[in-house]
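Working notes, structure below.
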Amino acid sequence: MAFQKPSIPKGTRDFSPAEMLKRNYIFNTIKKHFVRFGYQPIETPAMENLSTLMGKYGEEGDKLLFKILNSGDYLSKVSEEELDKKNSQTLTSKISEKGLRYDLTVPFARFVVQHQNEISFPFKRYQIQPVWRADRPQKGRYREFFQCDADVIGNNALLNEVELVQLIDSIFTDLKVNIVTKLNNRKILSGIAEIIGQADKIIDITVAMDKLDKIGLDNVNQELLSKDIPQEAVDQLQPIILLSGSTSEKLAALKNALADSEIGLKGISEMEEIMDYLQLFNLQNEVELDLTLARGLNYYTGTIFEVKATDVQIGSICGGGRYDDLTGIFGLKDVSGVGISFGADRIFDVLNELDVYPKHQSESTKVFFVNFGKNEEAYCLPLLAKLRQSGINSEIYPEAAKMKKQMKYANGKAIPFVAIIGEDEMQKGELILKNMESGEQKSLTAEELLTLMAE
RNA sequence: GUGAUUGUAGCUCAGUAGGUUAGAGCGCUGGAUUGUGGUUCCAGAGGUCGCGGGUUCGACCCCCGUCUUUCACCCCA
């Protein structure tokens with residue numbers, strides 16, 4: 001019989017039980033800190049109406065949206081003329097009205113507007129769900145990946161930004177990943193663009209500046225020129241791009257340079273307030289002002305965040321920012337929000353590379369019962385039930401297979417303890433407990449097993 | 001979307017200037033060990049050499065297409 005070779009779409013992955021234990025450790029850790037900071041969970045559908053998603057992520061983002069074909073005879077309403085034109089853009093709008101979510105922020109904004117009467121502000125929500133992008137996969141880049149978002153919406157205070165920095169610090173400290181948190185402010189970037197007389201070119205300018213680390217100053221300047229930014233404006237930009245020193249030194253110099261830009265000064269004072277706040281905390285990881293930090297998403301209006309692992313080269317593992325009017329497009333004005341998104345799949349890759357997972361995963365089996373037959377089953381099963389009632393992960397082999405096979409099964413699952421109860425043990429009212437790591441065995445009563453395992 | 005790159009057993013990889021039956025290690029199954037895994041020894045199963053087409057007497061190998069992998073660009077978690 002002809003068969004089909006099993007496969008999954010490009011850029012997607014299966015996760016084995018061993019990998020899921022590790023991933024759940026990441027999700028559980030992140031979730032724990034979200035909850036500790038007062039965030040509440042929500043979920044939204046995998047698919048959204050395309051009208052909700054389109055136009056929110058820039059031109060590039062629209063291209064990367066996975067679109068879902070309409071149900072039924074989706075071509076029946078399309079005219080011959082339309083088909084002949086072979087214009088994908090106009091045609092997709094006719095045959096597809098749903099798409100897979102591209103991030104969690106835009107669906108969240110939609111959620112807030114739609115449920116505004118049930119929500120009291122400020123609303124702090126967290127959301128851990130997969131998102132999809134029709135990108136070409138490469139290192140640390142997948143077409144399906146999980147984001148872990150925490151956002152505060154309906155409040156302008158900069159303390160929200162400060163708390164997000166703390167949240168980032170405590171999560172990565174807990175995960176044992178060394179990081180640097182980079183901060184910038186869209187208003188400062190606007191001020192820079194304004195001061196050099198290129199306010200309308202802000203996107204091009206920030207995208208080019210963002211590449212400084214990667215391609216160097218000369219190439220950045222070349223890219224700026226290629227975007228029709230005049231030489232004199234590029235020259236004017238040089239001292240700002242090359243600004244160095246401590247954060248306070250940078251801010252002082254910027255204050256001078258942006259003295260004529262109202263919006264620029266606003267951005268600087270926001271940054272100063274955040275930095276002052278951060279003095280109050282004993283953060284474990286570095287926080288720095290990075291003027292070359294741009295963040296592609298064009299709905300950010302204030303602070304922008306990006307987190308990089310210092311010991312692994314993989315791009316940013318967390319990013320976010322403040323958006324002043326994301327809900328406006330859905331009809332709710334003057335609601336500002338700020339949030340961050342942890343890239344779980346990249347964090348997974350980082351933790352794998354660093355191998356900093358805890359030794360014992362609480363989600364796996366702790367005690368395994370060897371099955372010797374019906375009589376022994378009758379003796380073991382009540383004890384097994386008791387263990388489970390006491391919250392101890394335990395299992396029994398489903399049939400009286402050869403002991404070697406059963407031991408091999410326990411070994412393969414890395415189960416630390418094996419309980420052996422055959423005829424002899426039943427008669428004595430005891431059991432043999434084998435420590436699979438040391439190989440040592442000892443006789444115990446059922447009671448002793450329960451107390452020992454509960455420790 | 002652009003430019004490269006990869007594909008041989010479940011996994012990691014050898015291999016042939018195009019020429020009869022394609023190999024190893026690990027894993028798997030069975031046995032040595034009828035109540036002991038992880039170590040040792042022995043045996044065994046498992047492959048349309050990514051898929052489709054072409055060149056050739058003959059293709060796993062050469063050519064074209066396609067899918068997939070990895071990487072860079074664009075962009076981004």
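Keep in mind that the numbers below use all heavy atoms, side chains included, and drop hydrogens, waters and symmetry copies.
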- Item | A:K124/A:E163 salt bridge by N-O under 4.0 Å criterion | yes

- Query: If you take atom types as modelled and just measure distance, does the side chain of A:E425 reach the base of B:G35 with a donor-acceptor pair under 3.5 Å?
  - Reply: yes

- Who pairs with A:Y323 by ring-ring contact (aromatic ring centres under 6.0 Å, His included), at least two apart in sequence or on another chain? none

- Query: Heavy atoms under 4.0 Å, any strand shown: does A:D345 hit a base, just sugar-phosphate, or nothing?
  - Reply: nothing

- Lys/Arg N to Asp/Glu carboxylate O, A:D349 vs A:R13, below 4.0 Å: yes

- Message: Before we go on, tell me: are the rings of A:F368 and A:Y409 under 6.0 Å apart, centre to centre?
- Response: yes

- Task: Would you please name every residue forming a side-chain hydrogen bond (donor to acceptor under 3.5 Å, both in side chains) with A:K366, sequence neighbours left out?
- Result: none

- Item | B:C11 versus B:U69 - spacing of their C1' atoms, nearest Å | 15 Å

- Task: Output every pair passing salt bridge (Lys or Arg N to Asp or Glu O under 4.0 Å) with a member in residues 409-419 of chain A, not counting sequence neighbours, ordered by first then second residue.
- Result: A:E395-A:K413

When the side chains of residues 213-222 of chain A are checked against the rest of the protein, which donor-acceptor pairs come out under 3.5 Å, sequence neighbours left out?
unit_1	atom_1	unit_2	atom_2	d
A:N219	ND2	A:I215	O	2.7
A:N221	OD1	A:Q238	NE2	2.8
A:N221	ND2	A:Q238	OE1	3.2

- Query: In residues 23-41 of chain A, what residues come within less than 4.0 Å of RNA chain B, judged by heavy atoms?
  - Reply: none

- Query: When every nucleotide of nucleotides 36-44 of chain B is labelled 5' to 3' by its protein contacts under 4.0 Å (heavy atoms), B for base, S for sugar-phosphate only, - for none, what sequence of letters results?
  - Reply: BBB------

- Message: Using a 5.5 Å cut-off between ring centres and planes within 30 degrees, is A:F342 stacked on the base of B:A77?
- Response: no

Review item, side-chain donor-acceptor pairs of residues 443-455 of chain A, under 3.5 Å, at least two apart:
unit_1	atom_1	unit_2	atom_2	d
A:T445	OG1	A:E448	N	3.1
A:T445	OG1	A:E448	OE1	3.4
A:E448	OE1	A:T445	N	2.8
A:T451	OG1	A:E447	O	3.3
A:T451	OG1	A:E448	O	3.0

Atom pairs under 3.5 Å: protein N/O with N/O of nucleotides 66-72 of chain B:
unit_1	atom_1	unit_2	atom_2	d
B:U68	OP2	A:K10	NZ	3.4
B:U69	OP1	A:G11	N	3.4
B:C71	OP2	A:K139	N	2.6
B:A72	OP2	A:Q138	OE1	2.7

- Item | Stems formed with participation of RNA chain B [Watson-Crick or G-U wobble, under 3.5 Å, three or more pairs] | B:1-4 with B:70-73, B:10-13 with B:23-26, B:28-32 with B:40-44, B:50-54 with B:62-66

- Message: Once you apply a heavy-atom cut-off of 4.0 Å, does A:V418 come out as touching a base, just sugar-phosphate, or nothing?
- Response: nothing

- Query: Stepwise, does the side-chain hydrogen bond (donor to acceptor under 3.5 Å, both in side chains) test hold for A:T365 with A:N393?
  - Reply: CA-CA 5 Å; A:T365 304; A:N393 303 340; over 6 Å; no

- Not counting sequence neighbours, which residues clear ring-ring contact (aromatic ring centres under 6.0 Å, His included) with A:F111? List them please. A:H115

- Task: Pick the C1' atom in B:G1 and in B:C60, then give their distance to the nearest Å.
- Result: 33 Å

- Message: Once ring-ring contact (aromatic ring centres under 6.0 Å, His included) is applied, do any residues pair with A:F372, and if so which ones, sequence neighbours excluded?
- Response: none

- Task: Using only side-chain N and O atoms of A:K211, determine if any of them is under 4.0 Å from OP1 or OP2 of B:C74.
- Result: yes

- Query: Taking everything shown except A:F281 itself, do over 12 heavy atoms lie less than 6.0 Å from its CZ?
  - Reply: yes

- Query: Sequence neighbours excluded, which residues qualify as ring-ring contact (aromatic ring centres under 6.0 Å, His included) partners of A:F145?
  - Reply: none

- Task: Select from A:S341 and A:E223 the residue whose nearest nucleotide in RNA chain B is closer to the 5' end of that strand.
- Result: A:E223

- Base of B:C75 paired with side chain of A:R141 (donor-acceptor, under 3.5 Å): yes

